[in-house]
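In what follows, a single structure is set out as structure tokens and then discussed.
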Amino acid sequence: MSPITQDDALYALEPWLGRPLLLRNPVLGSDVALHLNRFFTEKGEEGEVAVSLDQLRTQLESLLFNSIYAATGGTMKSVSQSGQTLLIRTQQLPVIADALMDLIFYHLPVSEPSFELLNAYAMHHTSLPAMRRLYLDYGAYMPPMNRDIFRRIILENFGPEAYGAWLK
């Protein structure tokens, strides 16, 4: 497995934070990548992951808030590449963290343990990235009824712009 890079993290953050802010603060991308890669590299006493997906998401939300607050001088405002002002609200942080978690989801091997991990996370957080990964790649581990449930949850909770390209 190749590690998650600073560029991967910056690419995932750009729609939310804007390129200008990220270019001025590239350390945010490296900090995020470091946190994400620890999920795969740090192990507990019995070889299990040292931090759960839920814990990692909470850590990312905190990292994002502190980093964005510091980078914006407390205004929580940035500018998109097109020049539009972006107001980064604390309510957006879980969604931004979930977009970063998507990098983890695509590095997990498609297996039954990964299915169990992603399924629990997707249900706990109504995570579109986790549900997308489950829906598209874990069909062998998912009963058809569960696939239909995921489809319904996605349709009821997210707009077509979020799933139109992949949900059949």
Side-chain angles (χ1 to χ4, degrees), residues 1-19 21-22 28-29 31-40 49 51-65 67-68 76 78 80-82 84 86-168:
M1 177 198 83
S2 60
I4 296 166
T5 67
Q6 175 184 6
D7 287 343
D8 294 333
L10 292 172
Y11 182 79
L13 288 168
E14 187 175 333
W16 303 99
L17 306 184
R19 181 175 293 217
L21 177 72
L22 296 172
L28 178 56
D31 288 349
V32 166
L34 178 68
H35 271 74
L36 293 172
N37 284 311
R38 283 190 4 220
F39 177 80
F40 294 107
V49 294
V51 61
S52 71
L53 290 176
D54 291 330
Q55 292 168 324
L56 179 59
R57 178 180 160 148
T58 300
Q59 291 172 3
L60 286 171
E61 287 178 32
S62 179
L63 172 67
L64 287 167
F65 177 80
S67 299
I68 296 166
M76 301 298 277
S78 183
S80 71
Q81 192 152 354
S82 67
Q84 179 182 15
L86 302 171
L87 178 59
I88 304 149
R89 302 179 185 280
T90 55
Q91 300 93 318
Q92 291 175 291
L93 295 178
V95 178
I96 299 169
D98 210 30
L100 293 169
M101 294 295 291
D102 198 20
L103 297 170
I104 291 277
F105 305 152
Y106 277 93
H107 279 77
L108 289 173
V110 177
S111 65
E112 191 164 348
S114 294
F115 169 78
E116 296 298 331
L117 194 67
L118 273 175
N119 193 49
Y121 179 88
M123 291 295 97
H124 185 252
H125 295 286
T126 315
S127 167
L128 182 62
M131 286 189 277
R132 178 180 54 236
R133 177 86 160 126
L134 288 163
Y135 190 86
L136 294 175
D137 299 327
Y138 286 81
Y141 304 100
M142 188 184 309
M145 183 177 79
N146 287 23
R147 189 172 166 87
D148 292 340
I149 291 170
F150 274 125
R151 188 175 196 290
R152 190 173 69 237
I153 290 170
I154 293 165
L155 291 172
E156 291 174 0
N157 288 281
F158 303 96
E161 68 282 354
Y163 60 75
W166 56 270
L167 186 66
K168 306 295 182 225

What I'd like to find out is whether the side chain of V51 reaches to under 4.5 Å of the side chain of R38, using heavy atoms alone.
no
How long is the straight-line distance from CG of N37 back to OG1 of T5, given to the nearest 0.5 Å?
8.5 Å
Is there side-chain contact between F150 and N119, with heavy atoms separated by less than 4.5 Å?
yes
Can you tell me if OH on Y106 sees more than 12 non-hydrogen neighbours from other groups inside 6.0 Å?
yes
So do the side chains of F115 and V110 get within less than 4.5 Å of each other, counting heavy atoms only?
no
Counting C-beta onward and ignoring hydrogens, is there a side-chain heavy-atom pair between H107 and L36 closer than 4.5 Å?
no
Run the side-chain contact (heavy atoms from CB on, under 4.5 Å) check on R132 and D102 step by step: do they pass?
CA-CA 9 Å; R132 178 180 54 236; D102 198 20; 2.6 Å; yes
Does the side-chain contact (heavy atoms from CB on, under 4.5 Å) test come out yes or no for I88 and Q92, once each step is laid out?
CA-CA 7 Å; I88 304 149; Q92 291 175 291; 4.2 Å; yes
Please give me the minimum heavy-atom distance between D8 and P3, naming the atom from each residue.
OD2-O, 4.1 Å
Which residue pairs satisfy the side-chain hydrogen bond (donor to acceptor under 3.5 Å, both in side chains) criterion with at least one member in residues 133-159, sequence neighbours excluded?
R133-D137
Indicate the atoms forming the closest heavy-atom contact of Y11 with P15, along with that distance.
O-CD, 3.4 Å
Has the side chain of S62 got a donor or acceptor atom that lies under 3.5 Å from a matching backbone atom of T58?
no
P109 backbone acceptor or donor facing S114 side chain under 3.5 Å:
yes
Tightest non-hydrogen contact, residues A12 and A99, listed as CB-O, 4.4 Å
Here the pair of heavy atoms bringing A130 nearest to L118 is CB-CD2, 4.1 Å
Approximate separation, where rounding is to 0.5 Å, of F39 CZ and M101 CE
7.0 Å
Step-by-step side-chain contact (heavy atoms from CB on, under 4.5 Å) determination, F105 to L134
CA-CA 9 Å; F105 305 152; L134 288 163; over 6 Å; no
Between the side chain of D98 and the main-chain N/O of V95, is any donor-acceptor distance below 3.5 Å?
no
Can you find a heavy atom in the side chain of I104 that is under 4.5 Å from one in the side chain of I4?
yes
Go through the steps for L13 and L21 under the test side-chain contact (heavy atoms from CB on, under 4.5 Å), then give the verdict.
CA-CA 10 Å; L13 288 168; L21 177 72; over 6 Å; no
Rounded to the nearest 0.5 Å, what separation is found between the CG atom of L53 and the CG atom of L108?
7.0 Å
Specify the closest pair of heavy atoms between W16 and L86, including all atoms of both residues, with the distance to one decimal.
O-CD1, 3.9 Å
Return the OH to CE distance between Y163 and M131, rounded to the nearest 0.5 Å.
12.0 Å
Do you know which two heavy atoms are closest between G29 and A9, and how far apart they sit?
O-CB, 3.5 Å
Using side chain to side chain donor-acceptor pair (under 3.5 Å) as the criterion, list what pairs up with T90, not counting sequence neighbours.
none
About how many Å separate CG of L17 and CD1 of I68, when rounded to the nearest 0.5 Å?
4.5 Å
Can you tell me how far apart CG (L63) and CD (Q59) are? Round to the nearest 0.5 Å.
9.0 Å
